[in-house]
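This report refers to the structure that appears directly beneath it.
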Amino acid sequence: KVLSERMERLPRECKRSIEERLHGLDGLEVTQDGNVLACFPVVRSNGAVYVRDTNLETARSVHQFVRWIAFHELKESSILIELAMW
């Protein structure tokens, strides 16, 4: 939920750019309302549930998604700082 809220604060063109890139990442899905879901594969054994993220694919996708959000947040912040300095 926190990442979706961060995405919501970004300008429309930044959100669109990230959403387009998300389609190529393993284990991530964008819902119609703009939420991003991380889909980790699970295995049930003896009543317990274990996450099986083979080769950390989903974790890497989440990390990349967070990096893209941070990049756009930093870019927008630096633009505001430059404007403030004028």
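Here the closest heavy-atom approach between residue F40 and residue A59 is recorded as CE2-N, 4.0 Å.
At a threshold of 4.5 Å between non-hydrogen side-chain atoms, the residues S4 and D33 do not count as touching. Using a 4.5 Å heavy-atom cutoff, the side chains of L22 and V36 are in contact. Counting heavy atoms from C-beta outward, L10 and I18 have side chains that approach closer than 4.5 Å.
For the side chain to side chain contact (heavy atoms under 4.5 Å, CB included) test with S17, the passing option among R21, E13, K15 is R21; the others fail.
Taken from CH2 in W68 to CE in M7, the straight-line distance is 10.5 Å, to the nearest 0.5 Å. The CG atom of L37 lies 12.0 Å from the OG1 atom of T58; values are rounded to the nearest 0.5 Å. For the atom pair CD of E76 and CZ of R9, the computed distance is 13.0 Å after rounding to the nearest 0.5 Å. Atom CG of L28 is separated from atom CD of E19 by 12.5 Å, given to the nearest 0.5 angstrom. The structure places CG of L74 at 10.0 Å from CD1 of I79, a figure rounded to the nearest 0.5 Å. Note that the CG atom of N55 and the CZ atom of R60 stand 6.5 Å from one another [nearest 0.5 Å].
With hydrophobic clusters built from ILVMFWY side chains whose heavy atoms lie under 4.5 angstrom apart, V66 does not share a cluster with F71.
For N46, the CG atom sits in a loose shell: 12 or fewer heavy atoms of surrounding residues, nucleotides or ligands are nearer than 6.0 Å. Other residues, nucleotides and ligands contribute over 12 non-hydrogen atoms within 6.0 Å of the CD atom of E5.
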